[in-house]
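If you read the sequence from its start, that first residue is 1, and numbering goes on from there.
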Amino acid sequence: MASNELRADRPLVGDRARPAPPVVQRPAPGGPPPGGKPPRPPRSGGPGGGGFGRWMRRLVGWGFSMGLAIAVVACIALYGLYRQGIGDLPDHAWLADYQPPQMSRMYAADSQLMAEMALERRVFLPIEAIPKRVQDAFVAAEDQRFWDHHGVDPLGLARAVMTNVEGMATGRRAIGASTITQQVAKNMLVGNDRTIMRKVREAILAFRLESAMSKQRILEIYLNEIFLGQQAYGVASAAMNYFNKGLDELTLSETAFLAALPKAPNNLNPNRYPDAARARRDYVLDRMVDDGAITAAEAQAAKQDAIVTRGRARPDMVATGQYFTEEVRRELVARFGQDQTTMGGLVVRTSMEPGLQAATENALREGLIGYDRRRGGWRGPVAKISARDTEWMPALEATARPAGALPEWKLAVVRDVDARAARVAWLEKPADGRPAQPRQATMPLEGLSWARANRNGRIGGAPRRMQDVVAPGDVILVEPANERAERVALRQIPQVQGAVVALDPQTGRVLAMAGGFSFEQSWFNRATQAMRQPGSSFKPFVYLPALEMGIPPNQRLLDAPIEIMTPQGLWRPGNYSRNTNGWVTMRTALEKSLNLVTIRLAQEIGIDKVADAAARFGVIPHMPKVLSMSLGAGETTVLRMAAGYASFVAGGKQVTPTLIDTVQDRFGRLVWRADNRHCDGCANGPQAEPPKLVDDRKQVTDPISAYQMVSLLQGVVQRGTGTAAGKGLNRPIGGKSGTTNDYMDNWFVGFTPEIVVAVWVGFDEPRSLGDGETGGGNAAPIVHDVLEAALKDSPPVPFRAPPGIALVRVQASNGETILEPFRPGTENAARAPIGGGGSEGGDGMAHSGGGGGADSSLGGLY
C-alpha cells in the first residue's frame, strides 16, 4: 500500500497526465510563513496603494532636503546681510557721554535775559529729573517691553508682522515694531531712510547699545532727543511749548498726550486735529493701565479732561542792546565755534547794564535826530496812497513800515490839510488780536520849523504853511504827544549815523554799546566794525610821548605857520580858527586843539614815538609814520578809542575792552573768564598781611604821565573845545573832541574815574556833515547825556594822583589858578621854550627829522 500510494507533490515517472496544480501552503494562524521570510504589510488604499506611500516618503525626504538647503542658504544670506550691515556701522560708544544740543543763553550784568541762541529749542534734563509718570507714559506708548528686551523685541516684531499681513488685504498702512532702543539708534546713528538695510543696521546697533549702556541712559537720551512738534525737541521743551509747564506740573492727561506725540506730532496737533489727539491720548492711558502704571479709575478721569494748549510764555528779555548782543554772539562764535555757541548750552554773563544801555541808545538817537533836523531838512513822505474814506485803510495796511522807525512812531496817512494843521490817521492794533482800529489826530504846523524842504541836498527856509510840508495821501511817520493821541508830531529817520561805547576804565568791561541809529535798519556795528579817522581826538597820543620824556605840561610851544615838503608837494597845515597864537603852553595847545603846535611837537619828538604810543594803547596798531597822522589822519574804531583813553584813567595800565564776563558750560563749569586778576594770599589761610588782588596787566605808560594827560584833558572840558560834555554835571571830567577834514567825522571821548564814553557821528558813506559841524558840537552833547545817566546816583569822585607826583599851583590861560602836575624835578624846567633860546616871535623848536612825509590833502584836520 505504501508503494501504490500517490505522492501529491510530484507526478509519476512516465506519467503523461497533466501536471498537478501547485499547492498553496497557508501558514497556520499566528505562525511564520514557509521559508522564514516575513510577509509584506498589506498596502492600504486598495489596489495600487503601495506606490502612494512610496511617493509620500520620497516627498518628505525631498522636502526636508530642500528645507535644509534653504535654511543653509538663508543663514548664509543673513550672515552676508549681517556682515554688510556691520561693515560701516557708526561708532556708538560716544553715546555713553552724549549730551543733546541745548540752547545757549546770554544774560546782562543784572542777570536779565538778553538772548537765547539755538538751532533747536531744547531743554536737557537728566533721567533723575524726569518724573516717573512721564517715563512710564512713553514706555507704555512706544515700547511696553522696554525694561525686558535686549534692544529688539521679538514678540513685538511678530505681532507687527501678523498685523501687517492682515492689513495687506485692506490696504492699511504697515505698523512698525521699533523699540525705544532702536529709535535711539535710528535718530542718533543710522538716519531715517526706509530700507531693509537701515532696519538691519538699526537692530544691530540696538543690541550693541543695550550692552554698552544702561536702560536708564538709553531712555534719558530718547526723552531728550525725540521730536514732539511745535519746534520742541525733548519732553521738557514740549511741556513748555504745549502747556507752559514744567514736567513735574503736568496732569496725567497732559503727560499721556505728550507720550502720544512721537507717532505723528504734526497729525496729532490738538488745535488742528482734536479728535485724533484725544483718541491717541486715550490709547496711551489704556496702555498705562495695562502696564500697571496707573489705575483704571485714574485713566477714566484723565480721559474726561480736554486737551488745552497754552503755548510757551517767553521769558522777559532786555528790550535794548541788539548791537551789544550781536557783538557778543560774534565773539562767542569766534572763541567757541558756531555749534558750541548755538547748541552747547552755554550760560554767558555779559557786562551790559540794561539801564545805561537804554540811556545810551536814547542819547545817540536824540543826537542824530537833532542833527538831522538842523542840517537835513524834510525829505518827504514814506509813500503816497489814496486818502479816500473807503480806500486809505487797506492801502495803509499794505504799506511797509520803514526799517529804523522807532516803536513809538506810527505809520500814518494825511487825510486833509489846511494852512495851520493836517489831519492824519493810522491803524492801531489791539493787544488782544482783534482787527486794527483807525485812529485820527491833528498835526499842527507849530514845531515844524525844522521841516525845511530838502531838494537834492539844498535846504530851503522854514515852512510857512502846512501845504509846504505834506499833502493828502502822504504816508508819514508821526509820534503821539500823549496817550490820548489828540496831537502828533512829524518824525523822520535820520540819514546820519553814529556809535557809542561806554566802559569801565579800571576793568575794561563794556557797560553799553550802540552801533547805529537802529539795529533793524542796519546790523553793521559802527562801534567795532567801522574804521574812521579820529581827528584831534588822537592828539593825546602825540602829547603823551613828550610827557614821558619829561617835558612838563606848562612847557611853551610855538603856534606859528609851518611848511613841510612831502612827496605829494608842499604841505601848509593850519589851525581850525585860521589864526596863530605864538608861544603857548602844552596845556593851552591841547585845550584849543592847535594843529600847528601838534605837528611841531610830533616833528620834535619824532613821529616814530607817536606811532609807538598809538600801538601801545591799541588805538592804531600799525600807524604809518607820517606827520599827518599826528592830526588823526589814521583810522581806528570807537571801541579802540574808548580803551585807549581808559588807560589814562587806569594809571597807565593796558585796558582790554571786554563784553563777556564769564562763560559756563551746560553743567555750570566755568570755561572762560575775562578778569584774569588773582588774589595773592587768599588760599593760604589766616596771615599777618591781608590778601591782595594782583593786577598783572601790562603798563603801557608810567602812572605820572597818565595822570598828567588826565589833567590836561580835564582842561579841555573846563576851558576848551569840550565844555558841552561836562555842562552841569559838577564833577571832574576829562575828554577830547575830534573833527576830521571837511567835517566828515565828529568825535568826542569823555571820561570820569568811573567811566569812559566814546562817541562818533558821521555818514556811512563819508561826506561832509556841514560847515561848522564839530565833535564838540555833535558828539560832546551825546557824551554828556550818557555820563549823566551813568553817574546820576553817585557822588563826584576825584582822579587819584599817583605817588611821587608834584602838584604846583599855576595860572591857566584864562587866568584861573590850577594845580599843574609835574614829574619830580621838572617843576622849574619849563621856563624856556622847547629847543632852547626861542622868543615869543620865533620858532624855538628844532625841526629834528623823524617827521616823515605827510598827505597834503589832510591840512584841514583839527
Side-chain angles (χ1 to χ4, degrees), residues 101-119 315 317-358 360-361 499-516 519 523-529 618 637-644 646-647 650 653-679 693 695-698 754-758 790:
Q102 189 172 342
M103 74 174 67
S104 298
R105 289 184 170 89
M106 189 187 305
Y107 295 91
D110 63 354
S111 296
Q112 290 190 64
L113 183 62
M114 291 171 58
E116 293 178 331
M117 300 169 287
L119 298 179
M317 292 192 184
V318 178
T320 58
Q322 289 91 342
Y323 283 108
F324 196 110
T325 299
E326 176 61 17
E327 192 67 25
V328 171
R329 189 199 65 81
R330 281 196 291 261
E331 184 175 337
L332 290 171
V333 170
R335 190 177 296 278
F336 299 103
Q338 180 71 31
D339 291 345
Q340 187 71 3
T341 298
T342 56
M343 299 186 293
L346 301 179
V347 177
V348 184
R349 306 283 178 180
T350 73
S351 54
M352 190 188 86
E353 295 185 356
L356 180 59
Q357 177 69 39
T360 296
E361 293 180 8
V500 185
V501 169
L503 58 78
D504 183 340
Q506 304 304 324
T507 62
R509 297 174 68 244
V510 177
L511 308 177
M513 173 188 292
F519 187 76
W523 288 22
F524 182 68
N525 191 338
R526 296 156 189 85
T528 60
Q529 296 175 297
T637 68
V638 179
L639 184 62
R640 289 181 183 178
M641 288 295 287
S647 290
K653 291 281 188 180
Q654 185 180 54
V655 175
T656 302
T658 59
L659 287 77
I660 302 172
D661 288 343
T662 62
V663 179
Q664 295 171 289
D665 65 14
R666 67 177 69 202
F667 304 107
R669 295 187 296 251
L670 184 68
V671 296
W672 189 83
R673 184 177 66 181
D675 191 349
N676 292 319
R677 293 177 297 177
H678 63 275
C679 180
L693 192 63
D695 187 352
D696 293 331
R697 290 179 299 173
K698 183 180 178 181
E754 306 99 322
I755 190 171
V756 175
V757 181

Name each donor-acceptor pair under 3.5 Å that joins a side chain in residues 657-665 to protein atoms two or more places apart or in another chain, with its distance.
| unit_1 | atom_1 | unit_2 | atom_2 | d |
| --- | --- | --- | --- | --- |
| Asp661 | OD1 | Arg509 | NE | 3.0 |
| Asp661 | OD2 | Arg509 | NE | 3.4 |
| Asp661 | OD2 | Arg509 | NH2 | 2.9 |
| Gln664 | NE2 | Gly668 | O | 3.1 |
| Asp665 | OD1 | Phe667 | N | 2.9 |
| Asp665 | OD1 | Gly668 | N | 3.1 |
| Asp665 | OD1 | Arg669 | N | 2.9 |
| Asp665 | OD2 | Arg669 | NE | 3.0 |
| Asp665 | OD2 | Arg669 | NH2 | 3.1 |

Would you give me the side-chain donor-acceptor pairs under 3.5 Å for residues 104-114, sequence neighbours excluded?
| unit_1 | atom_1 | unit_2 | atom_2 | d |
| --- | --- | --- | --- | --- |
| Ser104 | OG | Thr341 | O | 2.7 |
| Ser104 | OG | Gly345 | N | 3.4 |
| Ser104 | OG | Leu346 | N | 2.9 |
| Arg105 | NE | Glu116 | OE2 | 3.3 |
| Asp110 | OD1 | Gln112 | N | 3.2 |
| Asp110 | OD2 | Gln112 | NE2 | 2.7 |

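Side-chain contact check for Asp695 versus Lys653: some heavy-atom pair is nearer than 4.5 Å. Annotation: side chain of Phe324 is not in contact with side chain of Pro354 (no heavy-atom distance under 4.5 Å). Looking at Val510 and Glu327, their side chains never come closer than 4.5 Å, going by heavy atoms from C-beta outward. The shortest distance between side-chain heavy atoms of Phe336 and Val671 falls below 4.5 Å.
Considering CD of Gln529 and CH2 of Trp523, their distance stands at 11.5 Å, rounded to 0.5 Å. Taking OG1 of Thr320 as the reference point, atom CD of Glu353 lies at 11.5 Å (rounded to 0.5 Å). Between the CZ atom in Phe524 and the CZ atom in Phe519 there is a gap of 12.5 Å [rounded to 0.5 Å].
With hydrogens and angles ignored, the 3.5 Å screen pairs no side-chain donor or acceptor of Gln654 with any backbone N or O of Ser647. A donor-acceptor pair is defined here as one N or O able to donate and one able to accept, closer than 3.5 Å; no such pair exists between the side chain of Thr637 and the backbone of Thr528.
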Next item on the list: Show the numbers, then the answer: is there a side chain to side chain donor-acceptor pair (under 3.5 Å) between Gln357 and Glu361?
Entry: CA-CA 6 Å; Gln357 177 69 39; Glu361 293 180 8; 2.8 Å; yes
Check: What do the steps show when you test Ile755 against Leu356 for side chain to side chain contact (heavy atoms under 4.5 Å, CB included), and what is the final call?
Finding: CA-CA 11 Å; Ile755 190 171; Leu356 180 59; 4.0 Å; yes
Next item on the list: Apply the test side chain to side chain contact (heavy atoms under 4.5 Å, CB included) to residues Met352 and Val328: give CA-CA distance (whole Å), side-chain angles for both, the deciding distance (0.1 Å), then the verdict.
Entry: CA-CA 10 Å; Met352 190 188 86; Val328 171; over 6 Å; no
Next item on the list: Might you work through the side chain to side chain contact (heavy atoms under 4.5 Å, CB included) test for Leu503 and Met513, ending with a clear yes or no?
Entry: CA-CA 9 Å; Leu503 58 78; Met513 173 188 292; over 6 Å; no
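Under the side chain to side chain contact (heavy atoms under 4.5 Å, CB included) criterion, Ala499 pairs with Arg526, Ala527, Val638, Trp760, not counting sequence neighbours.
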